[in-house]
Amino acid sequence: MPYLKAVIKETLRLYPPTPLLLPRKSIEKSTLEGYEIQPGAIIHVNIWAIGRDSKIWENSEEFIPERFLNNNINFKGQDFELIPFGAGRRGCPRITLGVAIVELALSNLLYAFDWELPCGMKKEDIDTNGKPGIVMHKKIDLRLIPANHILIQYTYTLFRWWLRIAS
Ligand code: HEM
């Protein structure tokens, strides 16, 4: 389970579903790291870029879930290097439900099936790029072939049972 959670964190670091969060509007003039922000300015927080910043993340472009195994970084909105659910008073109010759904779906898909690439395709051929947009979708759909090993085991058990009765 800790590894599955680390995989989900690493996925949300590299592929946040909302790469620019929801836009904010500045209500008063302020200065941030030398940049003047005028009242009324629309502000987008680029969490896609934060997630890939090499000053924050070692080997930032690589998918390494292990980086989350030995630290307490979480996405509840306190660790600003990882905010796929946003932060502050307009942050996502249903983080727990969202994470539970992802954990449940992913663990069931992994438990029930073995996954293979379509014939002739190598893992290097997988295109992991996303399309620009408020919500990020994959540029090229991922195609995988499920091998339902639970069903195969069940059929095999039934077959052996039938053989024993028939003989
Ligand atoms: C993996 C699943 C989810 C992700 C990645 C996600 C992400 C986000 C993000 C990035 C925001 C904007 C936060 C900001 O701009 O600071 C947001 C807002 C919101 N989310 Fe989620 N969310 C998820 C699941 C859910 C679920 C399951 C619900 C409801 C059942 C939900 C309800 C909302 C609502 C109502 C807001 C608007 C909050 C506001 O404007 O005050 N989200 N979510």
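Side chain of N59 to main chain of E62: no donor-acceptor pair is present (N/O by atom type, distance under 3.5 Å, no hydrogens or angles). With K9 contributing its side chain and I73 its backbone, the two residues share a donor-acceptor pair below 3.5 Å. Not a single donor-acceptor pair under 3.5 Å links the side chain of D79 to the backbone N or O of E81. Between the side chain of R13 and the backbone N or O of S60 there is at least one donor-acceptor pair closer than 3.5 Å. In this structure, the side chain of N108 engages the main chain of L104 through a donor-acceptor pair within 3.5 Å.
Remark: I47 CD1 to L20 CG distance equals 8.0 Å, nearest 0.5 Å. Taken from CG in L69 to CD in E10, the straight-line distance is 10.0 Å, to the nearest 0.5 Å. The distance from the CD1 atom of I83 to the CG atom of N74 is 12.0 Å, given to the nearest 0.5 Å. Atom OG1 of residue T31 and atom CD1 of residue I37 lie 7.5 Å apart, to the nearest 0.5 angstrom. A distance of 6.5 Å separates CD1 of I50 from CD1 of I56, quoted to the nearest 0.5 Å. Here H44 contributes atom NE2 and L22 contributes atom CG; the two are 10.0 Å apart, rounded to the nearest 0.5 Å.
With hydrophobic clusters built from ILVMFWY side chains whose heavy atoms lie under 4.5 angstrom apart, W115 shares a cluster with M121. Under a hydrophobic clustering in which Ile, Leu, Val, Met, Phe, Trp and Tyr are joined whenever their side-chain heavy atoms come within less than 4.5 Å, directly or via other members, I140 and Y15 fall into different clusters. Taken together through direct or relayed side-chain contacts under 4.5 Å among Ile, Leu, Val, Met, Phe, Trp and Tyr, F75 and L106 form part of one hydrophobic cluster. Hydrophobic clustering of Ile, Leu, Val, Met, Phe, Trp and Tyr side chains at less than 4.5 Å, counting indirect connections, keeps I101 apart from L4. Placement of L144 and I8 within a single hydrophobic cluster is found when ILVMFWY residues are connected by side-chain heavy-atom separations under 4.5 Å, directly or transitively.
Taking the centre and axis of the six-membered ring of F63, the NZ or CZ atom of R52 falls outside the cone set by 45° and 6.0 Å.
The environment of Q78 atom CD is sparse: at most 12 non-hydrogen atoms of other residues, nucleotides or ligands sit within 6.0 angstrom. For I27, the CD1 atom counts as loosely surrounded, since its 6.0 Å shell holds 12 or fewer non-hydrogen atoms of other residues, nucleotides or ligands. The local environment of CG in N71 is crowded, with over 12 non-hydrogen atoms from other residues, nucleotides or ligands closer than 6.0 Å. Under a cut-off of 6.0 angstrom, the local environment of NZ in K139 is sparse, with at most 12 non-hydrogen atoms contributed by other residues, nucleotides or ligands. In this structure, I43 places its CD1 atom where more than 12 heavy-atom neighbours from other residues, nucleotides or ligands lie under 6.0 Å away.
Residues P65 and A6 approach most closely at O-CB, 3.4 Å, considering heavy atoms. Annotation for P84 and T18: closest pair O-OG1, 4.1 Å, computed over non-hydrogen atoms.
You'll find the side chain of K5 stays beyond 4.5 Å of the side chain of F68, heavy atoms only. Residues E66 and Y3 form a side-chain contact, since some pair of their non-hydrogen atoms from C-beta on lies under 4.5 Å apart. M136 places a side-chain heavy atom less than 4.5 Å from the side chain of P16.
For residues 115-135, no pair satisfies salt bridge (Lys or Arg N to Asp or Glu O under 4.0 Å), with sequence neighbours left out.
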Do I64 and W57 pass the side-chain contact (heavy atoms from CB on, under 4.5 Å) test, and can you show the C-alpha distance, the side-chain angles, and the key distance before you say yes or no?
CA-CA 10 Å; I64 310 173; W57 304 100; over 6 Å; no
Begin from the C-alpha positions of E58 and R67 and carry the test salt bridge (charged side-chain N to carboxylate O under 4.0 Å, His left out) through to its verdict.
CA-CA 9 Å; E58 208 175 303; R67 69 173 89 240; over 6 Å; no
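Applying the side chain to side chain donor-acceptor pair (under 3.5 Å) rule to R24 yields no partners; only residues at least two apart in sequence or on another chain are considered.
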